[in-house]
J.: 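Pasting a structure here, questions to come.
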Amino acid sequence: MGRTYRLVIYLAITIVAFIILFPFFWMVATSLKSTEEVFAWPPTVFPSSLNLYSYLDVSHVWNIPRYYLNTTIFASGVTVATLFFCSLAGYAFAHLRFPYKNLLFILILSSLMFPFQVRMISTYLLLKKFGWINTYQGLIVPWCATAFGIFLMRQVMTPIPRALFDAARIDGCSEFTIYWRIALPSASSGLAALGILTFTMMWNEFLWPLVVVSEENMKTLPLLIASMSGGEHGQWGVPWPTRMAGATIVVLPVIVAFISLQKSMMKALTLQSGIK
Amino acid sequence: MSSGSIAKKEKWWAYLFILPGSAIILIFWLIPSFYSVFYGFFHYDGIKPPRFAGLDNYTTFFLKDPRGLNSLKIAFFYSAGTLPACLFAGFALAIVFNKHWFKGGKVYSAIYFLPRTISYAAISFVWCWLLDPMAGIINYVLESVGLEPIFWLGEPLLALVSILIVSIWRNLGFFVILYLSALKSIPSLYLEAAELDGASEWQKTWHVIWPLVRPTTTFVVILAIIDAFKVFDQVYVLTFGGPAHSTEVVAFYVWHVGFVQMLMGYSSAIATVLLIIMLALTTFQWKYYLRKSAIF
């Protein structure tokens, strides 16, 4: 491997890395510029002064804390429910014996054949019938369990040795205690991955809240982008620094989380397949 | 205690445990899916009672509505445009990151992966600004090397290209990580044997490594094709389906027909067509996924 060859490769990879990171830098830089400076030609790389005006602008028009609250409630609600329901079912499929077990499992898995776009209209109409449009329960409940989650939990729990469970049963533990005290702790890495994956995906979810929520005070962070971009429900003519400030607000928590939890996030997010 | 009643207790516990999960899936996944097929045979605007329409919606989609089949075509172009680039670039990068002389593979792969953790909508928004024809920095760079500024999101073909660029930028890291883990699981035995036979780097890569990662390749190909039919966020933010419906992918069109044009019956019919296509694709995907051994 020639020295120059390796150097060229390093250079190319680093250039690509800059290209990957540049939009993030540009987003923050733009948000800190004034509306005039943004259109300067040639464009300035760094803002001439740290102008937080655009962030104030965003918070005047949109209730940012409320957006954060809604998104947090939505993402955590779905994550907690998913972890609980999917691990319960996963444990049952992995270690309990009951009639029609395989049939039920296949039935559950079959739900993955139906992607979200197919269910979108009917789920919306169903929620409307329940009166759950523009509510937290409407946002959360339909995602409280996924076949993917159940499948994953079953995979993770199957290797747990029977002996552990039999010993606990002999000691007189109820099934729930066995699940709670033995199965769950043993499946902790799987739970962590599913949790991270679910939370991140729900935090970033755009189409679902777009369908369910139209009231301003129930919107989640990604819908802030929809509001700023014009489109169907949005405002036109929002200045670019303000828009980029909005984008930064939406994106920042995930970046912070990624920096601290890189490895777990990468592992969890590459499980992605067939959740929707 | 007789073994019969132990089994009985276990049975009831089991049903209790699977109850919440199954109920959610039944009520919010399976039943709506079937209702969707059902609604496809009606005209329904969400307010007045549904009117029976027979096969009207389906004939409209296949014969009368050019936007309908166009949306399938766009989805196909989307996957054709993003898949090869991501696949080969991802594979090449993974090879490099895996080389023993390459330092910082972990840092670089984390950097490449970052866009994928971010809301697609938010990051598309940033790209809107980057690609702005008047003031976007990409056109500035083009101008400073003497090229004409490009009206990225304003012209039909270019708009689609812009969406492809954003998608490739976002998803590259995913492919890198997947291939990296596939590479790490190749026994060094094979590579050593190839070296003994006098294979060059190039030959080793193409004739030994590439065939050995074929399961990963198959997996991502199917995943990418399926995802093409779900593309929504970036289309909404970047182009809203335009200009002139040139970026109107199926998922976007289904949403638009149902929630903007309020033609819920027609939207359901399109969704049913989509369903049939996806059923075929998902069957392949799960056959593969079940064969893949447990990750943990």
Side-chain angles (χ1 to χ4, degrees), chain A residues 1 6 9 13 17 20-21 23 26-27 30 39 42-43 85-86 88-89 91-92 96-98 108 111-115 117-119 121-123 126 142 144-145 147 150 155-156 175 189-190 200 204 206-207 222 225 229 231-232 240 243-244 247 250-251 254 258 262 265-266 269-270 273 276, chain B residues 10-11 13-15 17-18 20-22 24-25 28-30 32-33 35-36 39 96 101 108 110-122 125-127 129-130 135 137 140 174 177-178 223 230 232-233 236-237 240 251 254 258 260 264 267-268 271 274-275 278-279 282 289 294 296:
Chain A
M1 257 325 84
R6 292 187 187 191
I9 299 239
I13 305 264
I20 303 267
L21 290 179
W26 197 236
M27 167 181 77
T30 306
F39 288 105
F85 294 153
C86 290
L88 265 179
Y91 168 66
L96 297 178
R97 288 154 300 183
F98 52 99
I108 288 177
S111 69
L112 291 168
M113 303 268 162
F114 303 102
Q117 280 68 22
V118 170
R119 310 189 313 263
I121 299 269
S122 335
T123 316
L126 189 65
C144 278
I150 296 181
Q155 289 280 81
V156 172
E175 282 300 325
S189 70
T200 309
N204 292 335
F206 181 71
L207 178 54
I225 305 293
S229 66
E232 179 50 27
W240 279 110
R243 287 180 163 180
M244 290 299 106
V250 173
V251 154
V254 186
F258 185 68
Q262 288 162 35
M265 276 188 89
M266 289 204 277
L269 290 173
T270 45
S273 70
K276 280 171 91 176
Chain B
E10 192 173 316
K11 182 175 78 173
W13 277 111
Y15 285 136
F17 281 7
I18 67 174
S22 317
I24 301 269
I25 291 181
F28 294 103
W29 287 62
L30 292 173
S33 306
Y35 259 89
S36 243
Y39 280 125
V96 172
W101 53 263
Y108 278 110
I111 291 179
Y112 282 56
F113 196 76
L114 178 63
R116 191 150 163 121
T117 63
I118 306 293
S119 151
Y120 227 144
F125 208 35
V126 180
W127 275 93
W129 173 231
L130 287 170
I137 195 152
Y140 173 71
F174 179 71
I177 299 288
L178 277 190
L223 189 66
K230 299 182 186 171
F232 181 85
D233 299 15
Y236 182 99
V237 175
F240 207 71
V254 170
V260 176
M264 298 201 169
S267 176
S268 302
L274 189 57
L275 169 65
M278 305 274 289
L279 273 178
T282 344
Y289 204 64
F296 294 97

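A note on names: the letters A, B, ... follow the listed sequences, proteins ahead of strands, and every chain is numbered from 1.
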J.: Check whether A:M266 gets within reach of chain B through its side chain, its backbone, both or neither, counting any heavy atom under 4.5 Å.
T.: both

J.: Checking A:N204 side chain against B:Y120 main chain: does a donor-acceptor pair fall under 3.5 Å?
T.: no

J.: Counting heavy-atom pairs under 4.5 Å with chain B, which one of A:S111, A:A247, A:P222 comes out on top?
T.: A:S111

J.: What part of A:E175 is in contact with chain B, defined as an atom under 4.5 angstrom from a non-hydrogen atom: side chain, backbone, both or neither?
T.: both

J.: Taking atom OG1 of A:T30 and atom CD1 of B:I137, what is their separation to the nearest 0.5 Å?
T.: 8.0 Å

J.: Do A:F98 and B:Y15 come within less than 4.5 Å of each other through their side chains, counting heavy atoms only?
T.: yes

J.: Distance from B:F125 atom CZ to A:M27 atom CE, nearest 0.5 Å?
T.: 11.5 Å

J.: Does any backbone or side-chain atom of B:L279 lie under 4.5 Å from a heavy atom of chain A? Answer side chain, backbone, both or neither.
T.: both

J.: To the nearest 0.5 Å, tell me how far B:L114 CG sits from A:M265 CE.
T.: 9.0 Å

J.: From A:L207 CG over to B:Y236 OH, what is the distance, rounded to the nearest 0.5 angstrom?
T.: 10.0 Å

J.: Please state whether the side chain, the backbone, both or neither of B:I18 comes within less than 4.5 Å of a heavy atom of chain A.
T.: both

J.: Do you know which of A:I108, A:I150, A:T200, A:I9 has the most heavy-atom pairs with chain B at a distance under 4.5 angstrom?
T.: A:I9

J.: Looking at chain B, which one of A:V254, A:L21, A:L96 has the largest number of heavy-atom pairs inside 4.5 Å, strictly under?
T.: A:L96

J.: My understanding is that only residues two or more places apart in sequence, or in another chain, count here; which of them pass ring pair (Phe, Tyr, Trp, His ring centres under 6.0 Å) with B:Y39?
T.: B:Y35, B:Y44

J.: Sequence neighbours excluded, which residues qualify as ring pair (Phe, Tyr, Trp, His ring centres under 6.0 Å) partners of B:F28?
T.: none

J.: Considering only heavy atoms, which portion of B:V96 lies under 4.5 Å from any heavy atom of chain A: side chain, backbone, both, or neither?
T.: side chain

J.: Counting only non-hydrogen atoms closer than 4.5 Å, does B:I111 touch chain A with its backbone (N, CA, C, O), its side chain (CB onward), both, or neither?
T.: both

J.: For B:Y112, is it the side chain, the backbone, both, or neither that has a heavy atom closer than 4.5 Å to a heavy atom of chain A?
T.: both

J.: What is the distance from atom CZ of A:F114 to atom CG of B:L274, rounded to the nearest 0.5 Å?
T.: 12.5 Å

J.: Look up atom CG in B:L275 and atom CD in A:Q117, then write down how far apart they are to the nearest 0.5 Å.
T.: 11.0 Å

J.: B:S33, B:P20, B:G21: which one forms the most heavy-atom pairs within less than 4.5 Å of chain A?
T.: B:S33

J.: Need one label for B:Y108: side chain, backbone, both or neither, based on atoms under 4.5 Å from any heavy atom in chain A.
T.: side chain

J.: Counting only heavy atoms closer than 4.5 Å, note whether A:V250 contacts chain B via side chain, backbone, both or neither.
T.: side chain

J.: Less than 4.5 Å apart, side chain to side chain, heavy atoms only: is that true for A:L269 and B:R116?
T.: no

J.: Please state whether the side chain, the backbone, both or neither of A:C144 comes within less than 4.5 Å of a heavy atom of chain B.
T.: both

J.: Tell me, do A:I20 and B:P115 make a side-chain contact under 4.5 Å, heavy atoms counted?
T.: yes

J.: Of the backbone (N, CA, C, O) and the side chain (C-beta and beyond), which part of A:F206 lies under 4.5 Å from a heavy atom of chain B, both, or neither?
T.: both

J.: Any side-chain heavy atom of B:W101 within less than 4.5 Å of one from A:R6?
T.: yes

